[in-house]
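So the structure is just underneath, and the comments pick up after that.
None of these values were measured; they are calculated from a predicted model.
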Amino acid sequence: LTYGGGRALIKKVWLEDFDGHDAQVITSGKSFFLKYQVEFLEDLDDLVFAMMIKTREGVSIYGTDSATIENKKLRFSSGEKIVISFALNNYLAPGDYHLNCGIRQDTSETTTFIYRAVDILSFKVARNSTTTVASGIVDMESKIKILDSIDE
């Protein structure tokens with residue numbers, strides 16, 4: 001589902017591993033990039049680029065945007081094409097996930113979505129040899145010790 005077109009477009013959305021290869025399956029514990037290509041059809045300022053990861057059931061796990069990370073709003077001209085790249089540490093449990101991404105304009109008076117892509121990309125997180133999660137959506141990378149009994 002996409003909406004808000006006409007002023008800017010998200011043309012392509014993809015994931016890459018840290019070696020720069022396209023990836024639809026990300027190994028648990030391995031960092032990755034979420035990238036999307038944007039084409040501007042008008043001059044736009046006060047722009048914020050956003051992303052969100054959700055479970056298959058639609059539960060929001062993590063979302064962020066360029067204003068939160070860099071605390072600045074950006075300006076681009078009609079005809080410009082750019083790639084937005086979010087570097088993400090992967091603590092997700094093995095399973096299936098969906099991505100949202102968007103462009104919004106934050107002025108002092110209003111916030112307007114210029115373009116939004118909901119569930120634009122699905123990806124899988126695969127178990128690795130050190131995954132500790134038995135249930136849930138994150139791998140907290142637990143360690144366990146069994147200690148001698150303490151006499152009271």
Side-chain angles (χ1 to χ4, degrees), residues 1-42 44-106 111-145:
L1 172 66
T2 61
Y3 62 88
R7 300 171 68 192
L9 299 172
I10 294 175
K11 304 285 282 187
K12 179 182 174 187
V13 180
W14 71 100
L15 300 179
E16 285 183 5
D17 62 22
F18 260 71
D19 295 323
H21 300 107
D22 284 352
Q24 278 75 43
V25 177
I26 306 294
T27 303
S28 187
K30 297 284 185 183
S31 298
F32 64 99
F33 294 101
L34 161 60
K35 295 187 175 187
Y36 57 91
Q37 181 185 40
V38 178
E39 180 179 351
F40 297 95
L41 306 176
E42 292 181 7
L44 294 167
D45 57 7
D46 298 320
L47 293 181
V48 176
F49 301 96
M51 60 78 60
M52 180 184 295
I53 297 174
K54 301 185 310 185
T55 65
R56 185 177 43 190
E57 296 78 24
V59 175
S60 173
I61 298 170
Y62 178 78
T64 193
D65 58 43
S66 58
T68 301
I69 296 169
E70 294 188 348
N71 196 26
K72 63 182 175 183
K73 297 173 190 163
L74 306 165
R75 175 178 175 69
F76 294 93
S77 299
S78 180
E80 278 189 79
K81 294 179 183 177
I82 63 169
V83 173
I84 304 302
S85 178
F86 289 94
L88 299 161
N89 294 320
N90 183 12
Y91 298 104
L92 296 172
D96 297 312
Y97 299 91
H98 299 287
L99 286 166
N100 293 0
C101 52
I103 309 161
R104 69 176 192 267
Q105 192 171 39
D106 286 354
T111 294
T112 305
F113 270 98
I114 301 299
Y115 195 89
R116 190 162 182 217
V118 178
D119 296 344
I120 192 70
L121 184 70
S122 296
F123 68 100
K124 181 178 283 299
V125 173
R127 179 173 297 279
N128 71 21
S129 62
T130 62
T131 301
T132 65
V133 63
S135 65
I137 55 177
V138 296
D139 188 348
M140 303 287 290
E141 298 178 348
S142 180
K143 306 287 187 240
I144 187 170
K145 289 184 180 180

D22 atom CG, neighbour heavy-atom count above 12 within 6.0 Å: yes
Any side-chain heavy-atom pair of L88 and I53 under 4.5 Å: yes
Student check: side-chain heavy atoms of L15 and I26 closer than 4.5 Å: yes
Option passing side-chain contact (heavy atoms from CB on, under 4.5 Å) with R75 (candidates D46, L47, D45): D45
Heavy-atom side-chain contact between F49 and I82 under 4.5 Å: yes
Flag side-chain contact, heavy atom, 4.5 Å: T64 against M51: yes
C101 vs I120 side-chain heavy atoms within contact, under 4.5 Å: yes
Pairwise side-chain contact, L41 with R7, heavy-atom cut-off 4.5 Å (strictly under): no
Which atom of M52 lies closest to which atom of S60, heavy atoms considered: SD-OG, 3.5 Å
Note, V13 side chain near L34 side chain (heavy atom, < 4.5 Å): yes
Parallel, tilted or perpendicular, as decided by the 30° and 60° cut-offs, for the rings of F76 and F40: parallel
N-O pairing of D119 and K54 below 4.0 Å: yes
E57, CD: over 12 other non-hydrogen atoms inside 6.0 angstrom: yes
